[in-house]
Amino acid sequence: MATLDAAGDALVVRIVYDGPPIAGKTTSLLALAERLGHGRLFTPEVSGGGRTLFFDWLEYVGGRYDGRAIHCEIVSVPGQAEFAPRRRLLLSSADAVVFVGDTCASGIDETTAHLADLRAHLATREGPPVGVVLQANKRDLPDAVPLERLRGHGLAVIESVASRGEGIREAFVFGVRLALDRVRELERLGLLHRVPRAHDEAGRLLTALRGVALSGDGRVLFPEAASQTGALVGHAPKVPDAEIPSGWVWPPINGRVSLQEATARGVPLARELSPDEWVADSESGWRFHSPPGGAFVDPDEARAALSLWAQVHASLADWMSPSRCVALVEHGGRFRLWQVVRSEPTVWKWLASNLKAADAGALVDQAARLCNRVAESWAKAPWELPCTLETVSALDGSFVSLVPDAGSVRPTESTDRRARLRHQLQTLLEGELGVKGHALARSLAGG
Ligand SMILES: Nc1nc2c(ncn2[C@@H]2O[C@H](COP(=O)(O)OP(=O)(O)OP(=O)(O)O)[C@@H](O)[C@H]2O)c(=O)[nH]1
Ligand SMILES: [Mg+2]
């Protein structure tokens, strides 16, 4: 759902590309990336046949809304029926939908059925309506059906040939306009909130999708290795290990112990998450992260940066999980800062794994109580900690994620953490339990 960033100077909207399998959603996003000339498409995984398994992700910053920069998150869903739960979760965060339909004779029935399903889903969304534009694709094929057959659904229709990039920008621009209409309504209703953006929004989404059960047997898919995310190895920097020189890890003793545990089953390889941002996941369940700008040529500058990080971490110690450290690693004549943290069960994972098995009402109540306590307690931390169901420990409500870089931490704001956590709870419940979860979350929001 649309939000303002933490500083309130950018508007973040999400445009979701929906449509039946093989209709051309991924092709559309590829063409859009090229035309917008902005970044590249991030696609976590595809099947051998090129089918999308999770989503495609593209970010674009352009245009202004009431003086604020518009930051578009552009996401395509996997069209295949077996991934419907992932598709629904993605749709539940849309501010507008570009529906890519295969409009040739052989595809039109599936397109119509899929569109009906989309509209049924959107009808369950709370808040202002989510607009849909039909991007009538494959208009180059000789058996493309007449446009008249597509009109009359109360939808804007824009013709496209995604494989040639035609009509792509037009459909996108229309989608953004629809999203901004919705933003205006959200604002009027007092529902446009400031939410600090996750460091890696696409990664967060991927984690959420991995938590969505695909089959009816209650099996929740949580592959251990987050390292399946994108294949991005190049000139990888070294990650810290227990051999690190003294003075290069903080806290000094427990930090080294942490590094020992983190690399006990092997030192993982780093992969580039975004330009100059590196991550690695060790087999013993620790995450290593180094932010853009985390490399230094001058050792004194590097040490000063480590010391700044140490101060931030020390001042947050009361709110954070203890198994973590920050460290400096020399590699190829440069020094790189790393943050290392042990993966702990989060409220999100805990709920997603248990909702089907036990009394959902009791679990959600328990989670809601924890969230309330966290919202209150974290408000007292000196620096803003990203507060989401995926950053809160299911065990004790401590912060279990990566601390924002020392250079970008902000003093704690009086944001409504409680409302945000409830909103996420609702999204999770919708994904896991469908309508039942929805009702549950609504009663929760009231109580
Ligand atoms: N002729 C024609 N082919 C197209 C067009 N757009 C996409 N295709 C082809 O359709 C096939 C499927 O395209 P994708 O973009 O992967 O489809 P998708 O909607 O992402 O499919 P899923 O990921 O399974 O949901 C590819 O072979 C594309 O080249 C078009 O406008 N005209
Ligand atoms: Mg695709």
Side-chain angles (χ1 to χ4, degrees), residues 14-36 39-59 73-94 96-118 121 132-147 149-150 155-175 202 205-206 209-210 212 214 228-231:
R14 188 170 287 180
I15 315 291
V16 175
Y17 278 63
D18 186 37
I22 323 201
K25 299 177 293 297
T26 298
T27 310
S28 296
L29 257 61
L30 281 167
L32 192 60
E34 203 180 305
R35 272 165 184 68
L36 296 175
R40 56 193 165 132
L41 209 59
F42 169 66
T43 300
E45 279 178 45
V46 289
S47 73
R51 306 275 60 82
T52 306
L53 300 183
F54 288 92
F55 58 84
D56 306 294
W57 173 276
L58 181 66
E59 295 193 29
E73 297 173 346
I74 308 161
V75 189
S76 80
V77 310
Q80 296 180 84
E82 62 191 294
F83 303 127
R86 291 181 186 158
R87 170 178 169 250
R88 275 198 295 275
L89 189 63
L90 291 167
L91 283 170
S92 68
S93 64
V97 175
V98 175
F99 184 90
V100 181
D102 180 342
T103 60
C104 61
S106 56
I108 194 69
D109 287 344
E110 199 175 0
T111 289
T112 318
H114 224 83
L115 190 53
D117 181 71
L118 167 69
H121 172 78
V132 181
V133 50
L134 170 57
Q135 183 191 308
N137 197 34
K138 303 198 181 177
R139 301 304 291 167
D140 57 321
L141 294 180
D143 61 340
V145 302
L147 269 196
R149 268 191 70 183
L150 305 168
L155 294 173
V157 181
I158 292 177
E159 290 184 276
S160 71
V161 182
S163 45
R164 297 204 298 250
E166 293 168 17
I168 300 305
R169 183 189 265 273
E170 291 80 352
F172 168 68
V173 168
F174 199 92
L205 192 59
L206 182 60
L209 286 195
R210 287 195 194 282
V212 170
L214 288 187
Q228 290 176 12
T229 322

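Read the numbers this way: they start at 1 and go in the same order the structure lists the ligands and their atoms.
Considering backbone and side-chain N/O atoms, Pro21 never comes within less than 3.5 Å of an N/O atom of ligand 1. For ligand 1, the polar-atom distance check finds an N/O of Ala23 within less than 3.5 Å of one of the ligand's N/O atoms. Considering backbone and side-chain atoms together, Gly50 places no N or O closer than 3.5 Å to any N or O of ligand 1. Considering both main-chain and side-chain atoms, Gln80 never comes within under 3.5 Å of ligand 1 through any nitrogen or oxygen pair. Considering backbone and side-chain N/O atoms, Ile22 comes within less than 3.5 Å of an N/O atom of ligand 1. Considering backbone and side-chain N/O atoms, Ser163 comes within less than 3.5 Å of an N/O atom of ligand 1.
Contact atoms of ligand 1 toward Thr27: 7 (C), 13 (O), 14 (P), 15 (O), 28 (C) (distance under 4.0 Å to a heavy atom of the residue).
Here the CG atom belonging to Leu36 is positioned 9.0 Å from the CG atom belonging to Leu29, to the nearest 0.5 angstrom.
Taking 4.0 Å as the cut-off, Gly19 does not count as a neighbour of ligand 1 on heavy-atom distance.
Heavy atoms only, all atoms of each residue included: Ala162 and Ala31 are closest at O-CB, 4.0 Å. Minimum heavy-atom separation, Gly101 to Ala23: C-CB, 4.3 Å. Of all heavy-atom pairs spanning Tyr17 and Val100, the tightest one is CD2-CG2, 3.8 Å. What you find for Val98 and Gly175 is that their closest heavy atoms are CG2-CA, 4.3 Å.
The presence of a protein heavy atom under 4.0 Å from atom 27 (O) of ligand 1 is ruled out.
Looking from atom 10 (O) of ligand 1 to the surrounding protein, the closest heavy atom is Lys138 NZ, 3.5 Å. Annotation: atom 17 (O) of ligand 1 to nearest protein heavy atom, Gly24 N, 3.2 Å. Of the protein's non-hydrogen atoms, the one nearest atom 31 (O) of ligand 1 is Ala162 N, 2.9 Å. In terms of protein heavy-atom proximity, atom 6 (N) of ligand 1 is closest to Asn137 ND2, 3.1 Å.
Looking at heavy atoms from C-beta onward, Pro21 lies in side-chain contact with Glu110 at the 4.5 angstrom threshold. Counting heavy atoms from C-beta on, the side chains of Arg86 and Phe55 never come closer than 4.5 Å. Considering only heavy atoms from C-beta on, Pro78 comes within 4.5 Å of Leu90 through its side chain.
The residues Arg87 and Asp18 are annotated as salt-bridged, a charged nitrogen and a carboxylate oxygen being separated by less than 4.0 angstrom.
One N or O on the side chain of Lys25 and one on the backbone of Pro20 form a donor-acceptor pair closer than 3.5 Å. Distance alone, capped at 3.5 Å, is enough to place a donor-acceptor pair between the Arg139 side chain and the Val145 backbone.
The closest heavy-atom contact to atom 20 (O) of ligand 1, among the options Val46, Leu30, Thr26, comes from Thr26. Of the listed options Lys25, Arg51, Gln135, Arg51 places a heavy atom closest to atom 24 (O) of ligand 1.
Distances from the Mg ion (ligand 2) show that Thr26 has an N/O/S atom below 2.8 Å. For the Mg ion (ligand 2), the set of nearby N, O or S atoms under 2.8 Å includes none belonging to Ser76.
Under 4.0 Å from ligand 1, the heavy atoms of Asp140 that appear belong solely to its side chain. Only the side chain of Leu141 comes within 4.0 Å of ligand 1, counting heavy atoms alone; its backbone N, CA, C and O stay farther away.
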Discussion item. If you apply the rule side chain to side chain contact (heavy atoms under 4.5 Å, CB included), what do you find for Ile22 with Asp102, and how did you get there?
Written reply: CA-CA 8 Å; Ile22 323 201; Asp102 180 342; over 6 Å; no
